[in-house]
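Below: the structure, in structure tokens.
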Amino acid sequence: MTPAGTAPAETAPTGIAPTGLGRPPRGQENGMQTRTLGSLTVPAQGLGCMGMSEFYGTGDQAEAERTIRRALDLGVTFLDTADMYGPFTNERLVGQAIAGRRDEVVVATKFGNERGEDGSFRGINGRPEYVRSACDASLQRLGVDVIDLYYQHRVDTQVPIEETWGALRELAEAGKIRHAGISEAAPETIRRAHAVHPVTAVQTEYSLWTRDPEDDGVLATCAELGIGFVAYSPIGRGFLSGHIRSVDDLAPDDFRRRNPRFQGEAFEQNLRLVDRVREIAEEKGVTATQLALAWVMAQSGRDGHPAIVPIPGTKRVRYLEENAAAADVRLTEEDLRRLDEAAPVGAAVGDRYPDMSTVHR
């Protein structure tokens, strides 16, 4: 059992030799495949930076910066953050880590989950004046002149989406952002936003235990409109690594302790799904983490899907290297069939969040 407080945000090494990889992780400009999200080209795998600052137990600033720099060396140059992470400290961390290497990086950040400096949550805010002020603040914290991909983090149902996206269009015209995206939005909301200003990417949770976007029209809408899809929590918040066998494996302040999928009977049933995935991974000679990531990457363009890029989160170099190596895992049609059987749509038990009212609006 993992000691309490050490379970990582998205992955943990399993000790399985990665014999199923085409080749080991490579150095800078390593030729990692790319995907095109709308008109934005990014590597086939990105890095979620949230857990470096909050939600997944205690962080380590120096190790986090090393992890980001190592990601750039490995060609994982698509970095995802948000103003609410920390709050505000994660953007500063990313800005410090990419100093001197800005031209190598695609920086994505988000607005809309409004928080105070004391960490309090003030609600979801999509008012145009807030969008403009939040963007200026993010630019300053990141230390950049332009944000490559600026997401609406959550949809404000009190503000017409057209007003929020009108502000994003103005930011693009002013040269403060290059591309705009939206997170956890329903198909009709995506369409309405896209009619105001091109949606480059939709970001939603997607993994072997969260296949909702296949069933709720989000992937189909993205494919129809030429919008890319960014998958957050592609390892199921670390659960698919197989190393979380009890909530006691999580730090006392780890937000996963409140997640319905990590509770009681739901947890036990979800473990059975994880064990099926791990069995297939062992047969291929890769880690369960790598198999889960390879599956998400294999969905890009499959069955009419749009371009799909996972952004696994981690805060340590060794886990990052394991994740990056997943880009070299090759899945056969038989592998994909077995995984579809092991983790079909709707197989996971429990809601994704304690409060689902702010997602898919």
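This is a predicted model, so every value here is computed, not measured. Below, each value reflects all heavy atoms present in this structure, side chains not excepted, and no hydrogens, waters or symmetry copies. Numbers for residues simply follow the sequence, beginning at 1.
In this structure Glu117 satisfies the salt bridge (Lys or Arg N to Asp or Glu O under 4.0 Å) test with no other residue, sequence neighbours excluded. Considering only residues two or more places apart in sequence or on other chains, Glu205 meets the salt bridge (Lys or Arg N to Asp or Glu O under 4.0 Å) condition with Arg237, Arg352.
Between Arg192 and Glu188 there is no salt bridge, since no side-chain nitrogen of the basic residue lies less than 4.0 Å from a carboxylate oxygen of the acidic one. The residues Arg338 and Glu283 are annotated as salt-bridged, a charged nitrogen and a carboxylate oxygen being separated by less than 4.0 angstrom. With respect to the salt-bridge test (charged N to carboxylate O, under 4.0 angstrom), the residues Arg302 and Asp340 qualify. The pair Arg66-Glu63 meets the salt-bridge criterion, with a side-chain N (NZ, NE, NH1 or NH2) lying under 4.0 Å from an Asp/Glu carboxylate O. Using a 4.0 Å cut-off between charged nitrogen and carboxylate oxygen, Asp156 and Arg361 do not count as a salt-bridge pair. Under a 4.0 Å N-O distance rule, the pair Arg141/Asp136 does not qualify as a salt bridge. Between Asp253 and Arg258 no salt bridge is recorded (no basic side-chain N to carboxylate O distance below 4.0 Å). Asp275 has a carboxylate O that lies under 4.0 Å from a charged side-chain N of Arg278, or vice versa, which qualifies the two as a salt bridge. Salt bridge annotation for Glu162-Arg169: absent, with no cationic side-chain nitrogen under 4.0 angstrom from a carboxylate oxygen.
No side-chain heavy atom of Phe78 sits less than 4.5 Å from a side-chain heavy atom of Val105. Met32 places none of its side-chain heavy atoms less than 4.5 Å from the side chain of Leu74. Using a 4.5 Å heavy-atom threshold, the side chains of Asp73 and Arg101 count as touching. Here the side chains of Cys135 and Ile177 are in contact, with some heavy-atom distance below 4.5 Å. With a 4.5 Å cut-off on side-chain heavy atoms, Ile147 and Ser138 count as touching. At least one side-chain heavy atom of Leu79 sits less than 4.5 Å from a side-chain heavy atom of Ile68. The shortest distance between side-chain heavy atoms of Ile244 and Arg256 falls below 4.5 Å. No side-chain heavy atom of Met50 sits less than 4.5 Å from a side-chain heavy atom of Tyr232.
In terms of hydrophobic clustering, with Ile, Leu, Val, Met, Phe, Trp and Tyr side chains grouped at heavy-atom distances under 4.5 Å, Leu208 and Phe267 are assigned to a common cluster. Note on Val349: it does not cluster hydrophobically with Leu273, by side-chain heavy-atom contacts below 4.5 Å among ILVMFWY residues. In the hydrophobic clustering of this structure, Leu168 does not group with Ile124; members are Ile, Leu, Val, Met, Phe, Trp, Tyr whose side-chain heavy atoms approach within less than 4.5 Å, directly or through other members. Using a 4.5 Å cut-off between side-chain heavy atoms of Ile, Leu, Val, Met, Phe, Trp and Tyr, with links allowed through other members, Val317 and Tyr319 fall into different hydrophobic clusters. Both Ile190 and Val196 are part of a single hydrophobic cluster, where members link through side-chain heavy atoms under 4.5 Å apart.
Annotation: the span from Thr210 atom OG1 to Asp351 atom CG amounts to 10.5 Å, rounded to 0.5 Å. The line from CG of Asp212 to OG1 of Thr204 is 9.5 Å long, rounded to the nearest 0.5 Å. For the atom pair Leu139 CG and Asp145 CG, the distance stands at 8.0 Å (nearest 0.5 Å). The line from OG of Ser207 to CD of Gln299 is 11.0 Å long, rounded to the nearest 0.5 Å. Taking CG of Leu72 as the reference point, atom CZ of Arg69 lies at 9.0 Å (rounded to 0.5 Å). Taken to the nearest 0.5 Å, the OG atom of Ser300 stands 11.0 Å off from the CZ atom of Phe229.
Using modelled atom types, one finds a donor on one side chain and an acceptor on the other under 3.5 Å when comparing Gln61 with Gln96. Counted by atom type alone, Tyr85 and Lys110 present one or more donor-acceptor pairs between their side chains at under 3.5 Å. Of the N and O atoms on the side chains of Tyr151 and Glu184, not one donor lies less than 3.5 Å from an acceptor on the other residue. At a cut-off of 3.5 Å, with distance as the only test, a side-chain donor of Glu91 or Thr109 sits close to an acceptor on the other residue. Counted by atom type alone, Gln290 and Asp328 present zero donor-acceptor pairs between their side chains at under 3.5 Å.
Relative ring orientation between Phe239 and Phe262 is described as perpendicular, the plane-to-plane angle rising above 60° on a 0-90° scale split at 30° and 60°.
With Trp209 as the aromatic partner, Arg261 meets the cation-pi criteria of under 6.0 angstrom to the ring centre and within 45 degrees of the ring axis.
For Ile227 against Val199, the heavy-atom pair with the smallest separation is CG1-O, 3.2 Å. Residues Ser53 and Leu93 come closest through the heavy atom pair OG-CD2, 4.1 Å. The minimum heavy-atom distance linking Ala294 with Ala326 is given by the pair CB-O, 4.1 Å. Looking at every heavy atom in both residues, Asn113 comes nearest to Asp83 through O-OD1, 4.3 Å. Summarising the geometry of Leu149 relative to Ala180, their closest heavy-atom pair is CD1-C, 3.8 Å, with the distance given to 0.1 Å. Closest non-hydrogen pair, Arg35 versus Ile308, comes out as NE-O, 3.9 Å.
A donor-acceptor pair under 3.5 Å links the side-chain atoms of Thr164 to the main chain of Gly126, judged by distance alone. Put simply, the side chain of Arg178 never gets that close to the backbone of Gly175: no donor and acceptor are under 3.5 Å apart. A donor-acceptor contact shorter than 3.5 Å is absent between the side chain of Gln152 and the backbone of Gly112. Put simply, the side chain of Asn270 never gets that close to the backbone of Ala348: no donor and acceptor are under 3.5 Å apart. Side chain of Asp254 to backbone of Leu250: no donor-acceptor contact under 3.5 angstrom is found. Remark: side-chain polar atoms of Asp249 are paired, donor with acceptor, to backbone N or O of Arg245 under 3.5 angstrom. The main-chain N or O of Val107 is found under 3.5 Å from a side-chain atom of Asp148 such that the two form a donor-acceptor pair. For the pair Ser241 (side chain) and Gly238 (backbone), a donor-acceptor distance under 3.5 Å is present. Checking side-chain atoms of Arg92 against main-chain N and O of Gly95 turns up no donor-acceptor pair under 3.5 Å. Looking at Asp335, its side chain does come within 3.5 Å of a backbone N or O of Thr332 through a donor-acceptor pair.
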List, one per line, each side-chain donor-acceptor pair under 3.5 Å for residues 213-222, sequence neighbours excluded.
from: Glu214; atom 1: OE1; to: Arg211; atom 2: NE; distance (Å): 3.4
from: Glu214; atom 1: OE1; to: Arg211; atom 2: NH2; distance (Å): 3.0
from: Glu214; atom 1: OE2; to: Tyr206; atom 2: OH; distance (Å): 2.6
from: Glu214; atom 1: OE2; to: Arg211; atom 2: NE; distance (Å): 2.9
from: Glu214; atom 1: OE2; to: Arg211; atom 2: NH2; distance (Å): 3.3
from: Asp216; atom 1: OD1; to: Val218; atom 2: N; distance (Å): 3.0
from: Thr221; atom 1: OG1; to: Gly217; atom 2: O; distance (Å): 2.7

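For Tyr130 and Phe111, the gap between ring centers reaches or exceeds 6.0 Å.
Annotation: Gln158, atom CD; neighbour count of heavy atoms from other residues, nucleotides and ligands within 6.0 Å does not exceed 12.
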Exercise for review: Under the salt bridge (Lys or Arg N to Asp or Glu O under 4.0 Å) rule, what do Lys284 and Glu279 come out as? Steps first, then yes or no, please.
Suggested key: CA-CA 9 Å; Lys284 283 192 69 68; Glu279 180 180 340; over 6 Å; no
Point to revise | Worked check of side-chain hydrogen bond (donor to acceptor under 3.5 Å, both in side chains) between Thr287 and Glu322 | key: CA-CA 8 Å; Thr287 69; Glu322 180 184 7; 2.6 Å; yes
